[in-house]
Amino acid sequence: MKINKGQINPSKWKKLKFDYRRGKGHFLAYLANRFRWHYYPRLQYVSKFPDHVDIEISSVCNMKCPMCYTRTNEFKQSVKKEFMKIELFKKIIDECSYYRAYSIRLSLRGEPFIHKDVIEMIKYAKKKGIREISSLTNNLALTPSLFKEIMDAGIDWITISFDGLGQTYERIRQPASFAESFAKIKEYKYIKDKARSCKPVIKIQTIWTAIKDCAKEYFGSFEPYVDYIAINPLIDYLHNDKDIVYLDNFVCPVLYQRLVIGSDGIALLCSNDEFCLHPLGDANKESIYNIWHGKKISDAREIHKRHEGVKLLEPCKHCYLPRKTEPCKEYIGRKKIVIDKYINRSEEIGK
């Protein structure tokens with residue numbers, strides 16, 4: 001069972017350094033968390049409470065990227081654009097605190113840093129003892145002053161999606177400016193250094209298609225300023241692929257790792273159920289504990305134990321985790337890397 005698919009980096013040392021900084025301040029708890037993350041799915045062990053909870057504080061996005069599902073009619077018709085109410089957020093955090101959940105993530109389908117209460121949310125989660133708070137961001141709304149605020153509030157880790165350099169970046173990450181976005185990342189490093197803080201650790205991620213012709217320059221540009229750079233293959237977020245080849249006997253690890261709560265309080269089957277095709281419950285009315293042990297998610301686990309997830313569960317048919325990949329040799333300068341690309345998957349962004 002492959003637990004973390006994609007996320008390629010040619011330097012193992014960089015990954016170890018990133019992991020050390022990520023766990024700094026509670027390193028033993030971090031190591032225990034990593035053990036549970038990798039081995040509970042292998043053992044098909046359901047913990048008392050999810051170790052990690054994704055809390056989508058915004059389903060609203062301020063970018064228009066050609067490969068993103070938020071631009072599809074299916075998404076627009078099925079997912080309401082909204083911000084999570086802070087009362088619901090605190091209710092979720094209170095329960096996470098009671099059961100000692102290790103980590104939360106503030107993002108899923110939208111941009112979290114446009115939420116007016118994001119600083120208060122981070123502070124509240126830290127006050128309640130959440131050890132790791134992370135978020136994905138497109139960097140458009142995040143400014144150096146806001147970065148300083150989230151750093152002081154206690155956020156531990158941010159992942160910035162930054163696809164390509166120059167005009168390539170601006171074509172993909174509309175309406176962002178490359179020069180402005182890159183300047184902000186350099187400023188984040190200055191702010192951290194001035195505060196003598198290694199947190200928030202910063203991971204930059206990109207799709208290989210966006211950097212394959214300038215990979216050495218891309219790594220050279222970002223490595224002085226961030227903690228880690230990850231490469232991902234192009235995922236079929238638009239649900240356009242027809243001739244999908246699946247892994248044999250696939251069992252989903254996510255159902256043993258994390259629970260996802262949308263901005264409206266609806267619990268999703270997993271972090272890859274962007275269209276909420278298989279809701280599990282409602283955090284406005286139910287406890288996270290009951291949803292985690294409820295019939296719907298338990299049935300989904302049983303379906304996966306029988307290796308029937310891609311047959312019987314609609315989100316799993318479109319998910320990248322059960323898809324077969326083939327290793328492809330690529331180069332960053334003269335350094336050879338191997339990228340697992342999805343079989344029958346277009347390399348063209350927006351397809």
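Just so it is clear, the structure is predicted and the values come from calculations on it, not from any experiment.
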- Report yes or no: does Ser181 contribute a side-chain atom to a donor-acceptor pair with the main-chain N or O of Ser177 at less than 3.5 Å? yes
- Message: Between Val46 and Leu255, is there a side-chain heavy-atom distance shorter than 4.5 Å?
- Response: no
- Item | Carboxylate-amine/guanidinium contact Glu56 Arg109, below 4.0 Å | yes
- Task: State, without any angle test, whether His52 and Ser103 hold a side-chain donor-acceptor pair at a distance under 3.5 Å.
- Result: yes
- Does atom CZ of Phe27 have more than 12 heavy-atom neighbours, drawn from other residues, nucleotides or ligands, at distances under 6.0 Å? yes
- Could you go through the side chain to side chain contact (heavy atoms under 4.5 Å, CB included) check for Asp163 and Met67 one step at a time? CA-CA 11 Å; Asp163 296 307; Met67 68 290 193; 3.5 Å; yes
- Item | Geometric class of the Phe182/Tyr225 ring pair [parallel <30°, tilted 30-60°, perpendicular >60°] | perpendicular
- Short question: side chain of Arg258, backbone of Ser271 - any donor-acceptor pair under 3.5 Å? no
- With the side chain counted from C-beta on, respond yes when Phe83 and Ile114 share a heavy-atom pair under 4.5 Å apart, and no when they do not. yes
- Item | Step-by-step side chain to side chain contact (heavy atoms under 4.5 Å, CB included) determination, Leu313 to Ile303 | CA-CA 8 Å; Leu313 298 171; Ile303 287 170; 4.0 Å; yes
- Between Lys90 and Asp94, is the closest basic N to carboxylate O distance under 4.0 Å? no
- Message: When you compare the side chains of His318 and Glu314, does any donor N or O come within less than 3.5 Å of an acceptor on the partner?
- Response: yes
- Item | Glu170 side chain vs Phe178 backbone, donor-acceptor pair below 3.5 Å | yes
- Main-chain N/O of Gln44 paired to Lys305 side chain as donor or acceptor, under 3.5 Å: no
- The ring-ring contact (aromatic ring centres under 6.0 Å, His included) partner of Tyr228 among Phe219, Trp13, Phe18 is Phe18
- Evaluate ring-ring contact (aromatic ring centres under 6.0 Å, His included) for Tyr256 paired with Tyr40, printing each intermediate quantity in order. CA-CA 6 Å; Tyr256 301 92; Tyr40 281 9; 8.9 Å; no
- Message: For Lys17, I'd like to know if atom NZ has over 12 heavy atoms of other residues, nucleotides or ligands within 6.0 Å.
- Response: no
- Would you mind reporting whether Leu259 and Ile261 have side-chain heavy atoms less than 4.5 Å apart? yes
- Query: Are Phe222 and Tyr218 close enough, and set up right, to give a ring-ring contact (aromatic ring centres under 6.0 Å, His included), and what steps lead you there?
  - Reply: CA-CA 6 Å; Phe222 286 104; Tyr218 184 91; 4.8 Å; yes
- Do we see a donor-acceptor contact under 3.5 Å between the side chains of Tyr342 and Asp241? no
- Presence of salt bridge, Glu87 and Lys85, under 4.0 angstrom: no
- Task: Could you verify whether a donor N or O on one side chain and an acceptor N or O on the other, from Thr137 and Ser135, lie under 3.5 Å apart?
- Result: no
- Message: Within the supplied structure, the quantity of interest is the number of heavy atoms (other residues, nucleotides, ligands) at a distance under 6.0 Å from Leu16 CG; does it exceed 12?
- Response: yes
- Message: So does Leu277 get a backbone contact from the side chain of Asp273, meaning a donor-acceptor N/O pair under 3.5 Å?
- Response: yes
- Query: Is it true that atom NZ of Lys81 has more than 12 heavy atoms of other residues, nucleotides or ligands lying nearer than 6.0 Å?
  - Reply: no
- Query: With no hydrogens and no angle check, is any side-chain donor or acceptor of Asn272 less than 3.5 Å from a backbone partner on Cys319?
  - Reply: no
- Closest non-hydrogen atoms of Leu268 and Gly262, given as atom of the first, atom of the second and distance, are CD1-N, 3.9 Å
- Using side-chain contact (heavy atoms from CB on, under 4.5 Å) as the criterion, point out the one residue from Val226, Ile204, Asn138 that pairs with Phe162. Ile204
- Query: Is a salt bridge present between Glu120 and Lys123, judged by a nitrogen-to-oxygen distance below 4.0 Å?
  - Reply: no
- Considering residues, nucleotides and ligands other than Arg306, do more than 12 of their heavy atoms fall under 6.0 Å from its CZ? yes
- Let me see the working for Lys341 and Glu330 under salt bridge (charged side-chain N to carboxylate O under 4.0 Å, His left out), right down to the final yes or no. CA-CA 11 Å; Lys341 296 182 180 179; Glu330 300 284 0; 2.7 Å; yes
- Message: As an exercise, state the distance from OG1 of Thr143 to CD of Glu180, rounded to the nearest 0.5 Å.
- Response: 10.0 Å
- Establish, yes or no, whether the cationic atom of Arg105 lies under 6.0 Å from the six-membered ring centre of Trp157 and within 45° of the ring axis. yes
- For Asn249, does its backbone N or O pair with a side-chain atom of His307 as donor and acceptor, under 3.5 Å? yes
- Go through the steps for Leu88 and Asn284 under the test side chain to side chain contact (heavy atoms under 4.5 Å, CB included), then give the verdict. CA-CA 7 Å; Leu88 174 58; Asn284 291 288; 3.6 Å; yes
- Query: Between Leu238 and Thr72, is a side chain to side chain contact (heavy atoms under 4.5 Å, CB included) present by the stated rule, with each step listed?
  - Reply: CA-CA 7 Å; Leu238 300 177; Thr72 65; 3.7 Å; yes
- Under 30°, 30 to 60°, or over 60°: which ring-plane class applies to Tyr188 and Phe147, parallel, tilted or perpendicular? parallel
- Given the options Phe275, Phe75, Tyr69, His239 meets ring-ring contact (aromatic ring centres under 6.0 Å, His included) only with Phe275
- Query: Between the main-chain N or O of Asp340 and the side-chain N or O of Thr325, is there a donor-acceptor pair closer than 3.5 Å?
  - Reply: no
- Message: When you compare the side chains of Gln205 and Thr159, does any donor N or O come within less than 3.5 Å of an acceptor on the partner?
- Response: no
- Of the non-hydrogen atoms in Asp264 and Asp282, which two are nearest, and what is the gap between them? O-OD1, 4.4 Å
- Task: Identify whether NZ of Lys or CZ of Arg in Arg173 sits under 6.0 Å from the centre of the six-membered ring of Tyr169 and within 45° of that ring's axis.
- Result: no
- Task: Verify, without hydrogens or angle tests, whether Glu223 (side chain) and Gly220 (backbone) share a donor-acceptor contact under 3.5 angstrom.
- Result: no
- Those residues that, when tested against Ser59, pass side-chain hydrogen bond (donor to acceptor under 3.5 Å, both in side chains) (two or more places apart): Ser263
- Task: Looking only at non-hydrogen atoms, find the nearest pair between Ala125 and Phe89 and report the distance.
- Result: CB-CZ, 4.5 Å
- Should we say atom NZ of Lys184 is surrounded by more than 12 heavy atoms from elsewhere, each under 6.0 Å from it? yes
- Note on the structure: What one should report as the nearest heavy-atom pair of His304 and Cys316 is NE2-SG, 3.4 Å
- Message: Closer than 4.0 angstrom, basic N to acidic O: yes or no for Asp227 and Arg21?
- Response: yes
- Query: Do you know the tightest heavy-atom contact between Asp54 and Ser107?
  - Reply: OD2-O, 4.2 Å
- Only residue of Lys199, Arg131, Lys24 satisfying side-chain contact (heavy atoms from CB on, under 4.5 Å) with Asp156 is Lys199
- Under 3.5 Å: donor-acceptor pair, side chain of Ser97, backbone of Ile93: no
- Message: Taking the side chain as everything from C-beta on, heavy atoms only, tell me whether Leu136 gets closer than 4.5 Å to Leu106.
- Response: no
- Note on the structure: Test ring-ring contact (aromatic ring centres under 6.0 Å, His included), reference Tyr289, set Tyr98, Phe49, Tyr99, output is Tyr99
- Below 4.5 Å, heavy atoms only, C-beta onward: do Asn232 and Thr206 meet side chain to side chain? no
